[in-house]
Amino acid sequence: MSFDSLNLPEALLRAVRDQGFATPTPIQAQAIPPALAGRDLVACAMTGSGKTAAFLLPALARLGATPPRKPNSGPRMLVLSPTRELAAQTAEQHRLLARHTKLRGAAVFGGVGMTPQERAFRTHVEVLVATPGRLLDHLQNAYARLDGVEILVLDEADRMLDMGFLPDIKRILAKLPGERQNLMFSATMPPPIAALTRQFLRNPVEVAIDRVAKPATGVTQSVYPVREDLKTALLVELLRRDTIHNAIVFTRTKHRANRLADRLVKAGVSADRIHGNRSQAQRTDSLARFKAGKVRVLVATDIAARGIDVEALSHVVNFDVPNVPEDYIHRVGRTARAEATGDAWTFVSDGERGDLAAIERAIGKRLPQLKLDGFDYAQQPAERFEIPVAERIAEIRARKAEERKRAKANAERRAGRAAGRPATPPPARRDRHAHDSGSHRVAVPVGARPYRAGEGRGTERPAPGNERNRRPERATGVTVDPWPGRRGHGHAPAHAARASAPQPAAARPFHSGAGDRRDERPGDRPRARRRLR
Ligand code: AMP
């Protein structure tokens, strides 16, 4: 099947060609026709399957073909994403796919100031990508309206459930017009998501529903049984042998991520880390350096790495076995994106065999077990990897002090609201709605090109390197900078731009509140509803 046979408008087909997509991925081939026909859809798809284009392409085609049902009533399409990273990437894909249309977009999520994001509502972007918590913050204000929404996308619905966003989602859904198209994407279909589907979707077309999605076919998965205290040595040895071009290495906790990254650097490996305790700027910088090939290993925790799209990632290493199969699938999905290939290695200590067995049951196969020739598996025990107790206690004390400070600030804020003072943004915090708030927030309008089916190549396209992103907004005359720091992609292929460009503003602020599963402080985020199978 080709994209040409999907009945998409020429402006979108051009963008698809610009991106270098030759054929639709399976999820695109199955989802685009019914979505284009206006049907509700529930699709089982992982990050890496091409799911974003699977909902953006038909939605943009439909929005481009009809005038707004309710002019000046806010966005016409709302995409709800569990994490700011995913929201940023979805907005970026929108920018690329809508580049020959005039359907503008914005990403709204926590971690950056509320005020600049108001523009997303006031200037009436067509496509709003938002994380639930930040969207609800905006919805307290009169400028934020959702009564013009014609298409709703719930992206990674199971993740949103996991992260405790279900009540927030229901509150948001209650504010949308009943007459709309609903597109739901989820890697798994746990009962609450199935219930949501029944409650909110109208006779949905079901696409590729599996109980657990499988990692992409291009991933070679294997297991390295190894003593817990030898994991670092094994990784260093594998890296030394140069079989790993670049890798994301997943650890169970932020502390372990820090320790491992430090040890790798000590061993002469260029490594960085990305996890919930790092500042936005640090996370953005680490990811940009990794994507640009300046760092070979990125040590990450699950949530911090979610939604990250790194082209040409050769290896995913599970330094610790994830304790739920879905995390394994999400981690492994970082490599072998779309049609590429990659390796996923899982280090398994004796204590982790149970978790590995659960993963193998979920993916329906036993993973081959490898032994690294020449590695001394019997060597003396290495230094313990865990964080020393005193350090841990000091950290817990500091966290508690921070919690008290924040609770006080919140109480004052609530008192202010009760006294009728205008709503102010919540205090800077790493934790509210997990990924979805904090101290620096930004609105990121994207894709503001006129939609003219069949328009000539290069129309209104600024030359590479110019101030393309600083064009004035047509309707308002307001100058917006959709992607501060991102300049002059011109006609460069999307993948080249992605590899070389700094992250868009929306992608920059990796929210420290992303948190880890095991070492995040209590109350950091809505209680995760873990699905243990
Ligand atoms: P997603 O699952 O939406 O996160 O997409 C994963 C990656 O696949 C992104 O980098 C997309 O640019 C890329 N992609 C999406 N559709 C296609 C396609 N039809 N052919 C090749 N790559 C694609």
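All residue numbers in this chain count up from 1 along the given sequence. Order of listing sets the numbers, starting from 1, for every ligand and every atom in it.
Residue-ligand proximity, Thr52 to ligand 1, at heavy-atom distances under 4.0 Å covers atoms 1 (P), 3 (O), 4 (O). Interface atoms of ligand 1 facing Phe3, defined by a heavy-atom separation under 4.0 Å, are 19 (N). Listed by number with element, the atoms of ligand 1 under 4.0 angstrom from any heavy atom of Gln93 are 3 (O), 5 (O), 9 (C), 11 (C). Atoms of ligand 1 found under 4.0 Å from any heavy atom of Thr25 (numbered from 1 in listed order, with element): 17 (C), 18 (C), 19 (N).
In this structure, Asp155 pairs ionically with Lys51, as a charged nitrogen and a carboxylate oxygen lie closer than 4.0 Å. Looking at Arg76 and Glu126, no side-chain N of the basic residue comes within less than 4.0 Å of a carboxylate O on the acidic one, giving no salt bridge.
Every residue meeting the salt bridge (Lys or Arg N to Asp or Glu O under 4.0 Å) condition with Asp40, not counting sequence neighbours, appears here in chain and number order: Arg202. For Pro34, the side-chain contact (heavy atoms from CB on, under 4.5 Å) partners two or more places apart in sequence, or in a different chain, are Arg39, Leu41, Val205.
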Let me see the working for Ile244 and Ser314 under side chain to side chain contact (heavy atoms under 4.5 Å, CB included), right down to the final yes or no. CA-CA 7 Å; Ile244 302 179; Ser314 80; 4.2 Å; yes
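Ile169 has its side chain out of reach of Phe200: every pair of non-hydrogen atoms, C-beta onward, lies at least 4.5 Å apart.
Every heavy atom of Thr90 sits 4.0 Å or more from the atoms of ligand 1.
Here's the thing with Gly50: one of its N/O atoms is less than 3.5 angstrom from an N/O atom of ligand 1. Between Gln19 and ligand 1, no pair of N/O atoms sits closer than 3.5 Å.
For Thr23, every heavy-atom contact with ligand 1 shorter than 4.0 Å involves the backbone, none the side chain.
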